[in-house]
Structures are given as C-alpha cells and as structure tokens.
Protein chains: 2
Amino acid sequence: MAEAQEMAALDVGGFHGPVVCALVGITYRQLDYWARTGLLRPSLVEAKGSGTKRVYSYQDVLELKVIKQLLDSGISLQSARRAVDCLREELGADLASANLVLTSTRSVLARSNGEVVDLLAGGQGVFNIVPLSGVVDELAADIVRIERGEPVTRRQGEAAPHVGVRPRAAGE
Amino acid sequence: MAEAQEMAALDVGGFHGPVVCALVGITYRQLDYWARTGLLRPSLVEAKGSGTKRVYSYQDVLELKVIKQLLDSGISLQSARRAVDCLREELGADLASANLVLTSTRSVLARSNGEVVDLLAGGQGVFNIVPLSGVVDELAADIVRIERGEPVTRRQGEAAPHVGVRPRAAGE
DNA sequence: CTGCGTAGTTACGTGAGCGTGATATCGCGG
DNA sequence: CCGCGATATCACGCTCACGTAACTACGCAG
C-alpha cells in the first residue's frame, strides 16, 4: 500500500533522475550535463546540493526523448537546443499528430503531413524531420513498464521500434 | 594565353586545396582535417609530403558542398561520413534532381519528391533531407566566378541562396 | 540519533574537430 | 641553379560532450 502510494506520486507528474534515464535511454551523466548546461532543467524541482533530488515532469521527459532521437540520428546538441526552444513555444499543439521540422536557420512544428510536403517544396537548406507520434506512444508504454519494475533495457544508440505509426497518403 | 591554359587545366577536372576552400566555403584546416581523417580524400592527386599539392575532382567538390550543408544544419561529421558513402555508391544518379535522405540507421537517394513523401509516411526515426539541386547549381555558378578572379565571399555558417528551386505539388 | 542507501557534486580524463602559428618542402620564375 | 611564394605538415592548445571514480550530503529506517 505504501508502495502504491509512491507509484501514485510518480503518476501525478514526478520523475527522479535515474528513472528518467531509464525511460529516455540515456546515461545519468548526460542527464546531469544537460541539466547543468541549461539544455533541459527539471521543471518541477531543481537540485539544491548533494543528496537532494531533481524532479522532472512528463513534458520534460518527452522533450528529453526528442533530444535523444536527434542525437541518435546524428544531430548536434547545439541544434537540439533550438529544437527544445521550439517545443517549449508550441506547447498547446497536439504533439502526437505533429512533426518537428528543423532547418539550418529555424525550427517549426508541422501539424499535418501536408505542411511537411509544402516545406519540402520550398526547398531551402536541409530538413530534419522528427515524427513526434512515435515518441509519445513509446513513452506511455515505457512508463507502465517502469512502474511494474521491468527495467526497460533499450540499447544505446539504437532506434527503438516505434508503435502506432500509421502510413498516410500524400494528399491528406 | 598561358593563363587561359591554366584555366583550361582547371576546367578539365582539377581543383587545388585553397580553391576548393573558396568554392565550398570552408577553412583550409577543415579541408586538411577531412583529408587526413579519411572523410574525403582528393580523388585525383593525394598529397605526398610538404610542398606537394592535393588535386580534387568536380565530384569531390560536390560532396564537400553537401558535407558543408550538413554541418551548417547541425549534423555531426560522423553522420556526414555516412552521407558521403551513400553519394559514392549512387554516382550514376542525376544528382541535380534527387534528394539525399539520411535516417538514424541508413542513407538513401530519393529521385523524385514522391519517394520522399513515401519515406515520410513510413515514419521511422528522424529524416535529414538534403535537396541536391541547389548544391549543384550553386557550385556551377561559383566555379565561373572563381575563374574570373572574383573571390566568392560567402559568409561562414550562413545558408547560401539557392538558385533554381522550383516549388512542386505533392502529387507529382 | 545513527547508519545507510541514494542521488547530486567535484575532479580528472578522453576523443572529436577544429584554430593558430611555425616549419618543411616543392616547383616555378628568373 | 637559386630564391621565393604556395602548400602541406607539425606541435600545441582549445571547446564541447561526455565517462569514470571518489566524495558528499540528504533523508529515511531502525
């Protein structure tokens, strides 16, 4: 019962450092480095000296997973910073049905696949396109697994199998 | 007349190090580093000690420009290496009408915009899409400028204005 | 109140990807 | 054949993005 209480506390919105590492699939040193350098601070509770605990929100973990995707696909942390800024600005959007698009100069959210096609037709520079649906679904599944005590052993640097990606026609 | 001969020699396929730097918009140290680390060796003449000259082919310069685009858009040199491998394998293709697509696991060439849309519908991982038409056209224009002695002063890290990008409808 | 585990902090090291000179050497003009 | 500029090479150092290990401090059980 006391354990169930702890689980509930997690559900309400709090994730400690090590748990976040398991969910996102990064090392603790990366999480720590990112927090110190200001890439992504825990939005619920910041660390106040040794022994204290950082507490991350669900939204934080989502952004971290996006960052991890970017790193796995060979994008620099610098660019990931711009991506995070974009996600922060467009929080109202439905992430599960949107694509994050980064170009050399700016980053935007494309709600429909049609918008992505339009951007491609514009044809300037390089496009980094991140489908967010996979990230959202995957996180939901992993949270359940973590709360059961199953250790979510995902290999480092390897793309996780995305759940719930539905192929679409171009003219949607 | 003797000068015209030198120019002709360049046209046939040879570019020295510093000229390549000006064309691509990178520093000599970058070109040197990339040659030493095996990212992109001059395919015509390698360096054999101090005082010798590296000679790059037109194809080399094209690949270098692609690498530069990747770097400007925040992609790591590691990923750029994979991109170069892909370009090497698909040399027969018409680069000016193709897009280079990099995912976290592999790299491919998409000949039509339709293929790009199909790939997006597949929806796995992150897509880095490089329209090659701009790179090809830009290089041709810059080569003319170089041979006139005009110094092609392009700002570092800023995307060059692409020529000849034509917007297309999705169902092409 | 006293261990003790857990989590954050510090110190130090590492490799990639260059920048900055200084140096060595080639090849060409005179 | 001899200087001289152009080009490659070397030595050194720097920043980013972490890894490893040791240390430290909180907070909870007993």
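All chains are named by letter (A, B, ...) in the order of the sequence lines, taking the proteins before the strands, and each is independently numbered beginning at 1. Because the structure is predicted, anything quoted here is derived from the model rather than measured.
Val24(B) and Tyr28(B) end up in different hydrophobic clusters when Ile, Leu, Val, Met, Phe, Trp and Tyr side chains are linked at under 4.5 Å.
By the 4.5 Å heavy-atom criterion applied to side chains, Asn128(A) and Phe127(B) are not counted as neighbours. Residues Gln30(B) and Lys68(B) have side chains not in contact (no heavy-atom distance under 4.5 Å, counting atoms from C-beta outward).
Between Arg81(B) and Gly17(A), the one whose closest nucleotide on DNA chain C sits nearer the 5' end is Gly17(A). Of the two residues contacting DNA chain C, namely Arg29(B) and Thr37(B), the nearest-nucleotide position lying further toward the 5' end is that of Thr37(B).
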Would you please test Ser43(B) and Asp60(B) for side-chain hydrogen bond (donor to acceptor under 3.5 Å, both in side chains) and show each step? CA-CA 7 Å; Ser43(B) 58; Asp60(B) 290 338; 2.8 Å; yes
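Put simply, CG on Leu39(B) is 13 Å from C1' on dC18(C), counting in whole angstrom units. Here dG17(C) presents its P atom at 14 Å from CD1 of Ile26(B), a figure rounded to the nearest Å. Atom-to-atom, CZ of Phe15(B) to P of dA6(D) comes out at 20 Å; the value is rounded to the nearest Å. Atom CD of Gln78(A) and atom P of dG17(C) are 15 Å apart (whole Å). The NZ atom of Lys68(B) sits 17 Å away from the P atom of dG17(C) (whole-angstrom rounding). Distance, Leu71(B) CG to dA16(C) P: 16 Å, rounded to whole Å. One can place CD1 of Ile75(B) at 14 Å from P of dG17(C), the figure rounded to the nearest angstrom. Atom-to-atom, CG of Leu40(A) to P of dC18(D) comes out at 13 Å; the value is rounded to the nearest Å.
Residue Tyr28(B) places no side-chain N or O under 4.0 Å from the OP1 or OP2 atom of dT7(D). Side-chain nitrogen and oxygen atoms of Tyr33(B) include at least one within less than 4.0 Å of the OP1 or OP2 phosphate oxygen of dG17(C). Taking side-chain N and O atoms only, Trp34(A) has a distance below 4.0 Å to OP1 or OP2 of dC18(D).
Using a 4.0 Å heavy-atom criterion, one finds that Arg36(B) contacts the bases of the nucleic acid, with or without backbone contacts as well.
Each of dT9(C), dG17(C), dT9(D) was ranked by its minimum atom distance to the side chain of Ala47(B); first place goes to dT9(D). Relative to the side chain of Ser50(A), the nucleotides dC18(D), dT24(D), dT9(D) differ in distance, and dT24(D) lies closest. Listed candidates were dT9(C), dC18(C), dT7(D). Nearest to the side chain of Lys53(B) is dT7(D). Checking dC18(C), dA17(D), dC26(D) against every side-chain atom of Leu77(A), the shortest atom distance belongs to dA17(D). Closest to the side chain of Thr27(A), out of dG19(D), dC26(C), dT9(C), is dG19(D). Comparing dT9(C), dT7(D), dC18(C) by their closest approach to the side chain of Pro18(B) singles out dT7(D).
Electrostatic pairing of Arg82(A) and Asp85(A) does not count as a salt bridge here, judged by no charged N lying under 4.0 Å from a carboxylate O.
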